[in-house]
Amino acid sequence: LISNNLTELELNENHRLSYISDDLFKNVQNLKTLYISESPFFNFENNSFWDLTELENLRLSWLNLTELPEILFGNSQKLKTLDLCGNKFLSLDKLFQANFPDLEVLNLCYNPIELTNVTFSTLLNLKELNLANCGLSNLSENIFETLIRLENLDLSFNNLTDLDENIFANNLNLIKIDLNSNQLKNINFDFAKLNKIEYVDLKFNSCIDNGFNSDGWSLFLRNITEFG
């Protein structure tokens with residue numbers, strides 16, 4: 001029996017734990033942080049988190065997950081941070097469309113995920129997004145269109161060769177962009193529009209036609225404080 005006074009619970013590297021029943025967290029009304037990671041096989045009931053109405057921070061990383069029930073988070077509408085790193089998700093569109101109105105931090109690194117124009121379309125309060133090591137080779141122009149509050153974006157260690165010139169047109173609050181270790185040959189997007197940008201990492205790319213002498217690039221450099 002889990003105490004009703006509990007606010008934080010870690011179940012990391014618990015190899016005997018492979019299943020969360022729908023009554024495990026029953027009456028744990030005060031739980032705000034839950035970490036479950038590094039278990040080889042894992043399953044959830046549709047209502048496993050139904051009682052976690054105050055949950056704000058959730059980590060479900062390195063669990064070999066391929067999908068999650070859409071109603072799993074039906075009562076966890078206060079979630080601010082979600083870490084799904086190191087799983088095997090191919091698509092999360094339906095899950096995101098049905099949940100997480102107040103989500104601010106999302107970590108999807110090390111997932112072979114296929115992104116569409118609606119993947120992040122309802123995550124209007126997202127400030128930090130980690131898509132490192134996801135095997136991404138291209139991104140559509142509108143992929144981040146609705147993320148107007150986004151401040152930190154990690155696209156490192158992917159296979160990106162080019163980015164649309166308008167890909168960050170609506171992300172005017174961006175402070176940090178990590179594009180380290182891709183295959184970028186061209187930098188077409190206009191950094192000059194990102195008035196709050198402070199850090200860009202372009203290490204280990206093949207930037208050939210990158211516009212270093214353009215007016216836009218010069219304006220961008222005036223604002224930046226660190227350049228990888």
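In this chain, numbering begins with 1 at the start of the sequence shown. Quick note: numbers below take in every heavy atom, side chains included, and nothing from hydrogens, waters or symmetry partners.
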(message) Does either side chain, that of S140 or that of N142, offer a donor lying less than 3.5 Å from an acceptor on the other one?
(response) no
(request) Measure the spacing between CD1 of I143 and OG of S121 and express it to the nearest 0.5 Å. (result) 9.0 Å
(message) Measuring only between side-chain heavy atoms, which start at C-beta, is L147 closer than 4.5 Å to L129?
(response) yes
(request) Supply the atom-to-atom distance N170 CG to K193 NZ, rounded to the nearest 0.5 angstrom. (result) 10.0 Å
(request) Hey, could you give me the OG/CZ distance between S76 and F100, rounded to the nearest 0.5 Å? (result) 8.0 Å
(request) For residues K78 and D102, determine if any side-chain heavy atom of one lies less than 4.5 Å from a side-chain heavy atom of the other. (result) no
(request) Using the rule that two of Ile, Leu, Val, Met, Phe, Trp, Tyr join whenever any of their side-chain heavy atoms come within less than 4.5 Å, decide whether F44 and L9 are in one cluster. (result) yes
(request) Taking only Lys NZ, Arg NE, NH1 and NH2, and the carboxylate oxygens of Asp or Glu, determine whether E8 and K32 approach each other closer than 4.0 Å. (result) no
(message) A side-chain contact here means heavy atoms from C-beta on lying under 4.5 Å apart; do N99 and Q77 qualify?
(response) yes
(request) Look at the side-chain heavy atoms of Ile, Leu, Val, Met, Phe, Trp and Tyr, link any pair under 4.5 Å apart, and say whether L136 and F157 land in one connected group. (result) no
(message) Applying side-chain contact (heavy atoms from CB on, under 4.5 Å) to F144 and L139, what does each step give before you reach the verdict?
(response) CA-CA 9 Å; F144 306 126; L139 297 171; 4.2 Å; yes
(request) Look at the side chain of Q97 and the backbone N and O of L92, then say whether any donor-acceptor pair between them is shorter than 3.5 Å. (result) no
(request) Treating Ile, Leu, Val, Met, Phe, Trp and Tyr as nodes and any side-chain heavy-atom pair under 4.5 angstrom as an edge, say whether L160 and I177 lie in one connected cluster. (result) yes
(message) Between L72 and L11, is there shared hydrophobic-cluster membership here, with clusters defined by ILVMFWY side-chain heavy atoms closer than 4.5 Å?
(response) yes
(request) Nearest 0.5 Å please: distance from the CD atom of E56 over to the OG1 atom of T33. (result) 7.0 Å
(request) Just say parallel, tilted or perpendicular for the rings of F49 and F73, cut-offs at 30° and 60°. (result) tilted
(message) Could you measure the distance from the CD1 atom of I71 to the OG atom of S48? Nearest 0.5 Å is fine.
(response) 9.5 Å
(request) For side-chain contact (heavy atoms from CB on, under 4.5 Å), just list the numbers for S37 and R59, CA-CA rounded to whole Å, side-chain angles, deciding distance to a tenth of an Å, and then say yes or no. (result) CA-CA 7 Å; S37 67; R59 177 187 299 156; 4.3 Å; yes
(message) If the condition is salt bridge (charged side-chain N to carboxylate O under 4.0 Å, His left out), which residues does E70 pass it with, not counting sequence neighbours?
(response) none
(message) Exactly one of L131, N130, L126 should register a side-chain contact (heavy atoms from CB on, under 4.5 Å) with L106. Which one does?
(response) L126
(request) Could you check if a side-chain atom of E141 sits within less than 4.5 angstrom of a side-chain atom of I167, using non-hydrogen atoms only? (result) no
(request) Could you go through the side-chain contact (heavy atoms from CB on, under 4.5 Å) check for E45 and Y19 one step at a time? (result) CA-CA 8 Å; E45 288 280 353; Y19 174 77; 2.2 Å; yes
(request) For the residue pair N30 and T7, confirm or rule out a side-chain donor-acceptor distance under 3.5 Å. (result) no
(request) Using modelled atom types only, decide if a donor and an acceptor are shared between the side chain of N182 and the backbone of L155 within a distance under 3.5 Å. (result) yes
(request) Enter the distance from N75:CG to L55:CG here, rounded to the nearest 0.5 Å. (result) 11.0 Å
Listed pairs under 3.5 Å, donor-acceptor, residues 79-90 side chains, sequence neighbours left out:
from	atom 1	to	atom 2	distance (Å)
T81	OG1	N57	OD1	3.3
D83	OD1	C85	N	3.0
D83	OD1	N107	ND2	3.4
N87	OD1	L63	N	3.0
N87	OD1	N64	N	3.2
N87	OD1	L65	N	3.0
N87	ND2	L60	O	2.8
N87	ND2	L84	O	2.9
N87	ND2	C85	O	3.4

(request) Keeping the roles fixed (side chain from D178, backbone from D154), state whether a donor-acceptor pair exists under 3.5 Å. (result) no
(message) If you define the side chain from C-beta out and look only at heavy atoms, does anything of N133 sit under 4.5 Å from N158?
(response) no
(message) Within the structure provided, determine whether F96 and L123 are in side-chain contact (heavy-atom separation under 4.5 Å).
(response) yes
(request) Evaluate the side chain to side chain donor-acceptor pair (under 3.5 Å) criterion for residues N12 and E10: first the C-alpha distance (whole Å), next the side-chain angles of each, then the deciding distance (0.1 Å), finally the verdict. (result) CA-CA 6 Å; N12 301 327; E10 294 193 24; 3.2 Å; yes
(request) Tell me who clusters with W62, hydrophobic residues only, linked when side chains sit under 4.5 Å apart either directly or through other members. (result) Y110
(message) For a 4.5 angstrom cut-off between non-hydrogen side-chain atoms, does L153 reach L174?
(response) yes
(request) Examine distances only and state if a side-chain atom of N173 and a backbone atom of I148 form a donor-acceptor pair shorter than 3.5 Å. (result) yes
(request) Over all heavy atoms of both residues, which pair between T53 and Q29 is shortest? Give the atoms and the distance, please. (result) OG1-OE1, 3.5 Å
(request) Ignoring hydrogens and angles, tell me if any N or O in the side chain of N180 forms a donor-acceptor pair with the backbone of L202 under 3.5 Å. (result) no
(message) Are the side chains of L179 and L184 in contact, using a 4.5 Å heavy-atom criterion?
(response) yes
(request) Check the hydrophobic clustering (I, L, V, M, F, W, Y; side-chain heavy atoms under 4.5 Å; chains of links allowed) and say if L6 and Y35 are grouped together. (result) no
